[in-house]
Amino acid sequence: MRKILVIAVREYQAAVRTKMFIITLVLMPVLCTGGLITHKLLGGQVDTTDRRVAVIDRSGILFDVLAKASDERNASLKDPATGAKTGPAFFFDSVAPDDADPDGQRLALSNDIRQGRYFAFIEIGPDVVEPEADPARARIEYYTDTPMYSPIQKFVDSLLNNAIQSHRLAKAGMDKTVVDRATRWVSVETLGLVQVDAKTGEVRGADRRSIEAHVGVVIFCLFLVFMVITVGAVPLMQSVLEEKMQRIAEVLLGSVTPFQLMAGKLLGTVGVSLTVLTLYLIAGVGVAEAVGLQSVAARSLIVWIIAYQVLAILMFGSFFSAVGAACSDLKEAQSAFLPVWLIVCVPMFMLGPILEEPTSTFATVVSLIPLFTPIVMIVRLAAVPVIPLWQPMLGVVLTLAMTALAVFASGRIFRVGLLMQGKGASFRDMLRWAVRG
Amino acid sequence: MNAVELTDVTKTFGSHTAVDGLSLHVPQGAIYGFIGPNGSGKTTSLRMIMNILYPDRGDIRVFGRPPRAASDRIGYLPEERGLYKRMRVLDLLRFYAELKGCRGFKAEAQAWLAKLGLADWGSRKVDALSKGMAQKVQFIASVIARPELVILDEPFSGLDPVNMEAIRDEVLELKRNGATILFSTHDMDVAEQMCDFIFMIFQGRKVLDGTLDDIQRQYGHDTLRVQVEGMRLTAEDLPGVAKVTDFGHLQELRLLDDTDPQGVLARLVQRGRVRHFQVAKPSLRDIFVRIAGPQAQEVTHA
């Protein structure tokens, strides 16, 4: 045991003292929330280049609506405090329809767009206002070279449809405000369950926020799992590979058994991942307290996260160290690493249905497959409704059994592979070593 | 009690027999030299004594116990050096000392570093060391826990003469302090000078085992070193001479079994002016080549 500890302490220090560890620790959350932050940062940095759009209006009534609405919109584009422009102005130019050669006109306008004179052009069919019109004569077409840019299309779409509706209603002799009132849409809101407050005894209503918060907790837990495996189990493979390539393993095996060596390395890695986990959990709980969401996640979730993470590190860590021991250089290790990494990633592809219905048979079965348990069970524990307690408990037992098997088999691969030099081992070799020892 | 005892030990890798029925007794306090050509089973034997590899057959005892039970009493310097590149030298030495259950390593480590001229390098990282320095650090790592049995696989390869002497002196010092030294080498001069016992393994089998005197006696006083002015000697010219090895200034003549050296001298004097004539024991190098040289291999493979 003493030797296992000596190895564990060295492994821990070697991992935690590197610059890479600290960089990863700081960068991972940045990367994971990077999209959000970029969006926030760039929120004010919109492109304010004006967009000029040509309009062929065959209906004869809709261009004026466009011109009027865009004038109003363009006038409102000033920041009241600074007077700076807050977005691009839209200008619509009316182009007389060329009924003799419509395709020629379209080509000419397309070329205008290509040369930058226009941003887009719109063609409005002659009968768009008629409710029973021939569809071919009742289309609105938006031609552009930048189809991913949607603001103009959206602006025109809602504006023209409103105008068309008004025309149709007026024709039918109906008042638009009456129709609007009659057809007002009522959305269905999703809420959590109502419960009794433990302290005051009052019935506490669920608010909308708790649903979003639950999604936040699930995403946070997923992030934790990946973080822990990334900073824990993956470097373990590199460290085993280093010991093999630098012939350090030979010296170590003169003092310890292969099992002690692997156990020590796994223990050190568990230490590393618990360090990471503790830091992020403190940060996560801190954020939850700060925004008043501490009630969303049960405290017991933290215990489950820790338990499953330790098991995940032992299980995946032993796989990764076996891969490290069986390969003979970094390149080989990278390609052998992929299948194992895929096992880690498989639950991600099943998250949709699991989150949708965490108590379904599918979710229950998947969460009890030991290779997926650490990720799927944590997600189910973090989501609502609450799953029965026997499930995470059974999950721990099954994962524990799988972990024991993984450590045992990987230990054998480790022992044989570590002293093999030259050619790396095939999966068949590894299987043979694991079975025969 | 012997420090190391091997009884009929065999190790195969697939269809290749690396060590074949090897028996060996290493007395405590001796310097025991392992020699043999590349791939003859030296490292495999040492690894089995270290319990890194397990024998397929036979028994290994270290200080009368199975190797695993004695592992804390053994220090090991592998042939290819193994150090964590990103660790500081002192941290590394502490790690190896603690692995063997040795406490209070610090003063010991400092003393070793000072003795080998590395006093200022304790807090530097291993990858900042030169090759020679790294080798010395590796040597310290193998002896830091004051082992009773020190196994050194090619301890001098790649060292310059100054560093080589420094390590050699430390090995002799370890012996004076009671340690048993087992080392493998390709350097026959080193083996002749340092070893109490020499053991040669060839194609997995023991071919020599004993003191240098024993071995030389076994191969007879059948070597002449001569220098004859102005002529090149060949075995054909000299009846009773099996082989002539030309070293430039000197020629070494290996005699057939019952040739009288005086008779050869008489012939040489007739031929020219003899500047140097010495009846010598065969060198270890010569014995090595006789056993493992190309001609010997042809015989074994025939």
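Lettering follows sequence order; numbering is per chain, from 1. Bear in mind the structure is a predicted one, so any value in this text is a computation, not a measurement.
Of the listed residues (B:Gly101, B:Pro67, B:Ala145), the one with the most heavy-atom contacts under 4.5 Å to chain A is B:Gly101.
When heavy atoms are compared at a cutoff of 4.5 Å, B:Ile74 does not approach chain A at all.
Surrounding CZ of A:Phe21 are more than 12 heavy atoms belonging to other residues, nucleotides or ligands, all under 6.0 Å away.
For A:Leu267, the side chain to side chain contact (heavy atoms under 4.5 Å, CB included) test picks out A:Ile4, A:Leu5, A:Ala8, with sequence neighbours left out. Under the rule for a side chain to side chain contact (heavy atoms under 4.5 Å, CB included), the partners of A:Met402 that lie at least two apart in sequence or sit in another chain are A:Met315, A:Phe319, A:Pro370, A:Leu371.
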Taking 3.5 Å as the threshold, show me the donor-acceptor pairs across chain A and chain B, one per line with distances to 0.1 Å.
residue: A:Arg2; atom: NH1; partner: B:Glu98; partner atom: O; Å: 2.8
residue: A:Arg2; atom: NH2; partner: B:Asp72; partner atom: OD2; Å: 3.4
residue: A:Lys3; atom: NZ; partner: B:Ser71; partner atom: OG; Å: 3.4
residue: A:Lys3; atom: NZ; partner: B:Asp72; partner atom: OD1; Å: 2.6
residue: A:Glu243; atom: OE2; partner: B:Tyr84; partner atom: OH; Å: 2.4
residue: A:Arg247; atom: NH1; partner: B:Glu80; partner atom: OE1; Å: 3.3
residue: A:Arg247; atom: NH1; partner: B:Glu80; partner atom: OE2; Å: 2.7
residue: A:Glu250; atom: OE1; partner: B:Arg47; partner atom: NH2; Å: 2.8
residue: A:Glu250; atom: OE2; partner: B:Arg47; partner atom: NE; Å: 3.2
residue: A:Glu250; atom: OE2; partner: B:Arg47; partner atom: NH2; Å: 3.4
residue: A:Glu250; atom: OE2; partner: B:Tyr76; partner atom: OH; Å: 2.5
residue: A:Ser255; atom: OG; partner: B:Lys100; partner atom: NZ; Å: 3.0

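For the pair A:Gly254 and B:Ile52, the tightest heavy-atom approach, listed with the atom from each and the gap, is N-CG1, 3.8 Å.
In this structure, A:Ile248 CD1 and B:Phe95 CZ are separated by 9.0 Å, a value rounded to the nearest 0.5 Å.
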Exercise for the section: Any chance you could lay out the side chain to side chain contact (heavy atoms under 4.5 Å, CB included) test for B:Leu99 and A:Val251, step after step, and finish with the verdict? Expected result: CA-CA 11 Å; B:Leu99 218 46; A:Val251 185; over 6 Å; no
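Within the structure, the side-chain hydrogen bond (donor to acceptor under 3.5 Å, both in side chains) test picks out no pair touching residues 333-346 of chain A (sequence neighbours left out).
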